[in-house]
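Below: the structure, in structure tokens.
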Amino acid sequence: MSSEKSLREIRLEKLARLREIGFDPFAVEEHPIDHSARELLDRYEELAPAEGEEKSNQIRFAGRVVSHRIMGKAAFAHLSDGDAKIQVYVRKNDVGDAAWEAFNLLDVGDHLGVTGHLFTTKTGEKSIHVSRLVPLSKALQTLPLGKEKDGERWYALDDVETRYRHRHLDLLANPEARAMLLNRSRVVSAVRSYFLGEGFLEVETPVLQNEAGGAAARPFHSHFNALNLDVKLRISLELYLKRIICGDVPKVFEIGRVFRNEGLSNRHNPEFSLLEWYEAYVNLEATQKRVEDCFRFVAESVFGSAVVRTGDVELDFSKPWARVDMLEAISERSGIAVEELKSAESAKAAMTRVGLDASKETHLGGIIEKLLEVFVEPHLIQPTFVVGYPLETSPLAKKDPNRPGFTRRCEGYVLGREVCNMFSEINDPIDQRERFEAQVAERAAGDDEAHPMDEEFLYALECGMPPTGGCGIGMDRMAMLLTGAEHVREVLLFPMMKPDHKPVS
RNA sequence: GAGGGGUUAGCUCAGCGGUAGAGCAACGCACUUUUAAUGCGUGGGUCGUGGGUUCAAAUCCCACACUCCUCACCA
């Protein structure tokens with residue numbers, strides 16, 4: 001576009017002029033910074049010089065020019081270091097003719113380094129009185145930085161597509177979006193430090209696999225040229241991690257990207273970060289306790305409190321989570337008697353009676369989970385564990401010895417959404433083989449998400465795995481609920497987007 | 001995959017058959033404590049892409065692309 005081209009050309013001309021007068025911004029390699037903008041503002045009393053001592057109390061700062069006001073032979077600008085911004089005051093007399101011209105050649109978006117002393121303007125704003133300035137980069141594009149006063153903002157970057165496709169613009173222009181993304185990273189770091197602090201070993205297992213197992217999902221397919229081998233991208237971390245347990249590493253975890261070839265939604269991105277941990281010699285209840293500890297630790301270390309406010313809800317992670325029995329919860333919310341959920345036939349009839357389509361259901365477990373999803377999940381706002389999952393949908397969880405047809409499995413819910421899935425891992429290789437065989441039969445019957453047979457994993461179990469508790473938490477969903485994000489894309493730096501055929505501005 | 005909304009200047013948006021608009025940003029001049037700086041002046045658009053209807057299309061119709069929302073799909 002010609003107008004945009006001309007804006008860019010104007011900036012290129014300014015760059016050329018900067019170089020002519022000895023201020024080539026791209027030739028500069030460094031500009032040490034004594035304090036962040038936030039520090040300068042917070043520690044102003046301590047850092048500002050006394051009257052007459054300005055020259056011996058110089059500080060260095062650098063940041064992006066986010067606004068500027070030039071008034072004849074003096075000028076103001078705000079420099080942002082991303083976290084906060086501070087005003088700088090430049091006078092022609094103080095910096096000299098060449099630097100003054102250089103300053104006048106700056107645009108919003110450029111990076112500038114300054115040396116000067118702290119002072120307060122007539123209107124009361126803590127600022128830097130500049131004695132020396134160094135342009136550090138020239139932005140050739142105009143940046144969508146809005147104007148701002150007293151927390152009110154004008155003309156900021158709002159277009160969702162631009163925010164996701166050009167995330168750097170979002171990061172530098174939208175403080176709320178930036179905070180969410182940074183907090184997501186802090187959540188992941190806090191999770192890692194929790195498990196390291198608890199004596200877990202962090203590992204990395206293969207992304208490229210012959211068979212993608214450990215979850216019910218369609219995988220992505222790829223090809224390894226050197227071995228002429230079709231491979232799949234992992235859909236979970238589970239089976240490799242349990243093989244490490246079989247190697248007598250009793251506490252192990254991984255935080256890694258997994259890939260599921262499924263739809264997009266406000267809670268689904270095809271690649272997402274999954275945390276899984278496995279702990280030998282502990283039961284389901286101990287794993288639940290770990291989930292509680294982990295959430296409390298993360299909330300406290302990232303947000304400073306175990307009580308997190310998100311939207312208009314206060315989530316309390318300081319207390320043990322509520323525990324509800326799956327069938328009882330369904331019964332309570334749907335009016336279906338627990339007795340009706342004992343056989344596929346009666347459960348189907350009940351499902352139809354409450355107005356749901358039962359025609360696609362092939363087994364009791366699927367019906368029960370569907371009923372849970374419809375009737376119970378939306379009500380689980382405060383942290384809640386739903387205990388007792390059906391055998392058919394839990395091919396890797398130990399059978400509940402006291403309850404035929406059910407397993408020692410539990411899922412945690414917060415804000416009406418599943419946040420974690422944990423169970424006592426099957427360590428009986430004969431049982432595990434039977435479960436896989438049942439899954440293979442379902443796959444043969446047309447369920448392309450049924451779990452494939454994994455002989456390598458079975459061999460490891462045959463070599464002996466101790467009783468083990470394991471759990472998986474979607475890190476993106478965890479970040480969403482802690483940051484109050486409504487869309488998973490708000491906690492992903494670069495969410496999945498179709499190729500854009502429009503010219504890049 | 002289905003339905004609905006959107007795509008106009010760098011950004012945020014208005015215009016919805018009759019010569020493409022505003023604010024901010026940009027450019028010029030003035031201004032050595034301003035802060036959504038101010039005053040005066042100036043430039044900037046294949047109106048998402050491709051067809052069609054019409055004397056005339058940003059505007060109406062069709063197709064396509066991207067996008068958002070809802071639904072479907074989604075241990």
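Chain letters run A, B, ... following the sequence lines, proteins first and then strands; every chain starts at 1.
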**Request:** State whether A:D454 and A:R243 are salt-bridged, where the test is any N-O pair (Lys NZ or Arg NE/NH1/NH2 against Asp/Glu carboxylate O) under 4.0 Å.
**Result:** no
**Message:** Starting the side chain at C-beta, find the nucleotide from B:U67, B:C74, B:U32 nearest to A:Y89.
**Reply:** B:U32
**Message:** Need one value for A:A156: base, sugar-phosphate or nothing, where a base atom within 4.0 Å counts as base even if backbone is also close, heavy atoms only.
**Reply:** sugar-phosphate
**Request:** Measure the distance between the ring centre of A:F76 and the centre of the six-membered base ring of B:U34, then answer whether it is under 5.5 Å with planes under 30°.
**Result:** yes
**Message:** Between A:K147 and B:U12, is there a contact of a side-chain N or O with OP1 or OP2 at under 4.0 Å?
**Reply:** no
**Item:** A:Q141 CD - B:A26 P separation (whole Å)
**Value:** 15 Å
**Message:** What's A:R409 touching, base or sugar-phosphate or nothing? Going by heavy atoms closer than 4.0 Å.
**Reply:** sugar-phosphate
**Prompt:** Roughly, in whole Å, what's the span from CZ in A:F272 to P in B:A75?
**Reply:** 10 Å
**Side chains of A:W277 and A:L241 in contact at under 4.5 Å (non-hydrogen atoms)** = no
**Asked** What is the nucleic acid contact for A:I70, judged by heavy atoms within less than 4.0 Å: base, sugar-phosphate only, or nothing?
**Response** base
**Base of B:G23 and ring of A:Y155 stacked, centres under 5.5 Å, planes under 30°** = no
**Prompt:** Looking across every strand, which nucleic acid part, if any, lies under 4.0 Å from A:H78 by heavy atom: base, sugar-phosphate, or nothing?
**Reply:** base
**Request:** Just call it for A:E449: base, sugar-phosphate, or nothing, with non-hydrogen atoms closer than 4.0 Å on any strand.
**Result:** sugar-phosphate
**Request:** Mind telling me whether A:H487 and A:Y164 have parallel, tilted or perpendicular rings, with 30° and 60° as the class edges?
**Result:** tilted
**Message:** Can you tell me how the ring of A:H451 sits relative to the ring of A:F436, calling it parallel under 30°, perpendicular over 60° and tilted otherwise?
**Reply:** parallel
**Prompt:** With a non-hydrogen cut-off below 4.0 angstrom, is A:F119 in contact with a base, only sugar-phosphate, or nothing?
**Reply:** base
**Asked** Where the side chain of A:A215 is concerned, which of B:U12, B:A75, B:U33 is the nearest nucleotide?
**Response** B:A75
**Item:** Option from A:H117, A:H78, A:Q87 for which side chain to side chain donor-acceptor pair (under 3.5 Å) with A:S127 holds
**Value:** A:Q87
**Asked** At under 4.0 Å between heavy atoms, what does A:N421 touch on the DNA or RNA strands: base, sugar-phosphate, or nothing?
**Response** base
